[in-house]
Structures are given as C-alpha cells and as structure tokens.
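Since the structure comes first, as structure tokens, the remarks are kept for the end.
Note that the structure is a prediction, hence the values are computed from the model and not measured.
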Protein chains: 2
Amino acid sequence: MSEIVVLRLSERGYRDLRITTHCALVARAFGAKKIFLNGNQDNEIGKTVQRINDTFGGDFEVEYYTQPGAVIKKMRKEGYCMVHLTMYGEKPGEIAKQVRKKKKIAIVVGADKVPSSVYEEADYNVSITRQPHSEVAALGVFLHYLNEGKEEEMEFAHAKKKIIPTAKGKKVNEQK
Amino acid sequence: MSEIVVLRLSERGYRDLRITTHCALVARAFGAKKIFLNGNQDNEIGKTVQRINDTFGGDFEVEYYTQPGAVIKKMRKEGYCMVHLTMYGEKPGEIAKQVRKKKKIAIVVGADKVPSSVYEEADYNVSITRQPHSEVAALGVFLHYLNEGKEEEMEFAHAKKKIIPTAKGKKVNEQK
C-alpha cells in the first residue's frame, strides 16, 4: 500500500473553510495519511478532523505550511511522486496505474490559481473530466482510481463507530 | 445513455453557497442534466452555471424547489430511479451496475440532516467509503461509477473552449 499525502496548494491561507474541510475529510476517507494546508494552527479544520478520527478511527493528520514552494521542495527531496490535479491535465486511467506502484504519492490540488511552475514540477498533471468543477470531487475520484475502488473495504484503526453498509436506515457497530 | 438528475436535498435553502456550487458543477461535469436546489431564483449559482455552459458547452440546468417532499413525489411519479447517497448505505459497485440500466436516475445528496423518510423512499441508499466526508466527492465518485469512468470522453455541445488533455501546461481548442 502506498503512502498518500494531499497538498492543498494556496498562496493565501486556506481561504474557504468548508471546501478545505471537505478536501481534508475526503483525503482521510479515501485513505490518505495527511493533508498539508496553508495556514497557522488556529484551527477549526484540525479540530474537525480530530473529532472524526476519535469517532471513526485512523490517524489522519493535518499539517500546516506557510510557503508552498518550501513544502513542494521538501516532498521532492523525500521522494514523493507528485500528481497535480488540474482540468488541463492528462486522462487519469493510465497514469493511476503507474502512480499506484509508487511508495510515496503526493496529490496536489489548487485552492486558487496554481503557478505554472507547479505544472512543470509535477510528475503528472491529471484531469478528472476535462471540465471545470471541484477539487473536492477531483480528489475523491483520483483517490478512487488509486484505490482501485476498494476504499469501502479500508479499516480505520481504533474506531469507536463502524458503519455497516445497509439498504435502509443506519446500522453502526459501536465500541463502548 | 441514462438521463441523470441530482437533487440537493435541504429543508432550509441551499445553505452553503460554495459547496452547493461545487455540487452543481460536479453534476454538470460528470454528465447529469440538471440539479434541483432548495431556494429561489436570486441567484449566483445559476449565473455561475450559465457562464460555464456558455464557455464549456452543454445545457446543464439549475431548477429550484421550495418543498423537498413535493420534488421527490414528482420524481417518483415521473419514473426516476432514486439513489440516495449516505454514509450508511450499501456498497456502490453492484448497485451502480443495476442503476446504470435505468432510463431516468435521480441522485439525492443531503445538504443537512436527511429525514428517515428519504432512506425509505429511495430505491437505493449508497455509501461511498463508509466514512463521513463530502457530498461533493460522493456525488463525483458515484457518477464516475455510473459513467463507468468514461466522463472525460463526454462531449459538451456548442462549447467555445475544449480542453485538450496534456502532460504539461494548458492546451485549449478555442472556437471564436
């Protein structure tokens, strides 16, 4: 299993709180280990993630950066394969097959206009749909590719609540 | 090809503007025909969608409702197969295979707490990941299932700009 991290790239703090929270929760739910956000440690997103970890398990982390360039440099140095999600990129299918074999994967999603250096720096630029839509959905769908669609089989360690898939209503295994 | 519509279910207006906009754009990008939103015609989301239709093509529509119950009733009457996306639902793979054969599909995503009647009313309750995350990503991934991953091959009629997938940078066919 690859180690996957997500970088929400922004020059100006994390901007939209709810969209950024959705990015973090999608990263967690689809098996990433960590999300990097521009900002300081104030911080509602970290608290939301911690609350969800406490209930639904796992050790998903939020880490903050101040300089996007520095965090990219660090990732390169640490050997991450860097995939930038952009509507201008290549089709995801073949690229996901190659990326899936890598030990360390960093997925980059932009929060505002992404500098052209990132297109150059990335190992792959990938487009989900060739249309403008949402970094939240692009992230979910690309992680779904990397997981070969098996995200619903993932187990999250020390979960207090485990959802049991069911046709009607809500079925939850609760650890007291 | 099935006709797909999306219902963003809410008792209280569309609430979060950006998340709702992302839902609409994801619905459009992955081939749905229309999104139903609670609210009046004020309305920034309609304008955003129209601007994107004008540039990137297609006839994706935003339609407003005031009573969620009435819109569900209408869908039932018109023969839509109703799929409710919820973290408590069943695994998506097998269900998508069945739903894909239907002529008319309505995908329901909640904007706030979804009444238990919706779980009962739905033909299928489907979970993407069994974890709490984002209706935007859940919608994208489920539409990706319905499309069998072929959304990047979709053509949007009378597009002024068509994105050409490319490894580095931006390549756009522009119709003057």
Side-chain angles (χ1 to χ4, degrees), chain A residues 16 18-19 21-31 52 55-58 86-93 116 119-120 122 124-141 143-145 147 149 151-154 156 162-172, chain B residues 16 18-19 21-31 52 55-58 86-93 116 119-120 122 124-141 143-145 147 149 151-154 156 162-172:
Chain A
D16 187 289
R18 295 234 9 232
I19 297 285
T21 304
H22 281 227
C23 285
L25 296 183
V26 167
R28 176 189 171 279
F30 287 81
I52 287 183
T55 307
F56 293 97
T86 155
M87 69 172 173
Y88 299 103
E90 295 185 279
K91 296 182 180 184
S116 63
Y119 290 80
E120 290 303 319
Y124 300 99
N125 291 284
V126 170
S127 172
I128 305 295
T129 78
R130 293 196 295 141
Q131 293 289 329
H133 55 99
S134 163
E135 62 269 37
V136 182
L139 180 60
V141 172
L143 288 170
H144 172 80
Y145 271 106
N147 296 332
E151 46 275 343
E152 76 254 20
E153 293 165 25
M154 285 176 184
F156 286 72
K162 280 187 189 180
I163 290 166
I164 314 300
T166 184
K168 301 275 178 193
K170 303 176 183 179
K171 207 166 153 185
V172 180
Chain B
D16 187 289
R18 295 234 11 232
I19 297 285
T21 303
H22 281 227
C23 285
L25 296 182
V26 167
R28 176 188 171 279
F30 287 81
I52 287 183
T55 307
F56 293 98
T86 155
M87 70 172 173
Y88 299 102
E90 295 185 281
K91 296 182 179 185
S116 62
Y119 289 80
E120 290 303 318
Y124 300 98
N125 291 284
V126 170
S127 172
I128 305 294
T129 78
R130 294 196 295 142
Q131 294 289 329
H133 55 99
S134 163
E135 61 270 37
V136 182
L139 180 60
V141 171
L143 288 168
H144 172 80
Y145 271 106
N147 296 332
E151 45 274 343
E152 76 254 21
E153 292 164 25
M154 286 176 184
F156 285 72
K162 279 187 190 181
I163 291 167
I164 313 300
T166 186
K168 302 275 177 191
K170 302 175 183 180
K171 208 167 154 186
V172 181

Inset, instruction - Would you give the length of the straight line joining atom CD of A:E152 to atom CD of B:E90, rounded to the nearest 0.5 angstrom? - result: 11.5 Å
Inset, instruction - Flag yes if more than 12 heavy atoms outside A:K162 fall under 6.0 Å of its NZ atom; otherwise flag no. - result: no
Inset, instruction - Count the heavy-atom pairs under 4.5 Å between each of A:T86, A:V141, A:N147, A:I128 and chain B, then report the option with the highest count. - result: A:V141
Inset, instruction - Please check if the distance between the ring centroids of B:H22 and A:H133 is under 6.0 Å. - result: no
Inset, instruction - Decide yes or no for A:F56 and B:M87: does some side-chain heavy atom of the first lie under 4.5 Å from some side-chain heavy atom of the second? - result: yes
Inset, instruction - Decide yes or no for B:R18 and A:R18: does some side-chain heavy atom of the first lie under 4.5 Å from some side-chain heavy atom of the second? - result: no
Inset, instruction - Below 4.5 Å from any heavy atom of chain A, which atoms of B:M154 appear? Answer side chain, backbone, both or neither. - result: backbone
Legend entry - Region of B:S127 in contact with chain A, defined by heavy-atom distances below 4.5 Å: neither
Inset, instruction - For residues B:K170 and A:Y119, determine if any side-chain heavy atom of one lies less than 4.5 Å from a side-chain heavy atom of the other. - result: yes
Inset, instruction - Return the minimal non-hydrogen interatomic distance between B:G149 and A:Y145, and the atom names on each side. - result: O-OH, 3.8 Å
Legend entry - Part of B:V126 within contact of chain A (heavy atom distance under 4.5 Å): neither
Inset, instruction - Heavy atoms only, distances under 4.5 angstrom: which of A:E151, A:K91, A:R28, A:Q131 has the most pairs with chain B? Name it, please. - result: A:Q131
Legend entry - Side-chain touch A:Y88/B:I164, heavy atoms, less than 4.5 angstrom: no
Legend entry - Atom of A:G140, atom of B:A137 and distance for their closest heavy-atom approach: CA-CB, 4.4 Å
Inset, instruction - Evaluate side-chain contact (heavy atoms from CB on, under 4.5 Å) for B:I19 paired with A:I19, printing each intermediate quantity in order. - result: CA-CA 7 Å; B:I19 297 285; A:I19 297 285; 3.7 Å; yes
Legend entry - Straight-line distance of A:L25 CG to B:T129 OG1, nearest 0.5 Å: 10.0 Å
Inset, instruction - Taking all non-hydrogen atoms of both residues into account, name the closest pair between A:A167 and B:N125 and its distance. - result: O-ND2, 2.8 Å
Inset, instruction - Report the option among B:V136, B:V172, B:T166 that has the most heavy-atom pairs separated by less than 4.5 Å from atoms of chain A. - result: B:T166
Inset, instruction - Look up atom NZ in A:K168 and atom OG in B:S116, then write down how far apart they are to the nearest 0.5 Å. - result: 11.5 Å
Inset, instruction - Tell me, out of A:A138, A:G89, A:A24, who's got the most heavy-atom pairs with chain B below 4.5 Å. - result: A:G89
Inset, instruction - Please report the shortest heavy-atom distance between B:A29 and A:P132, naming the atom on each side. - result: CB-O, 4.4 Å
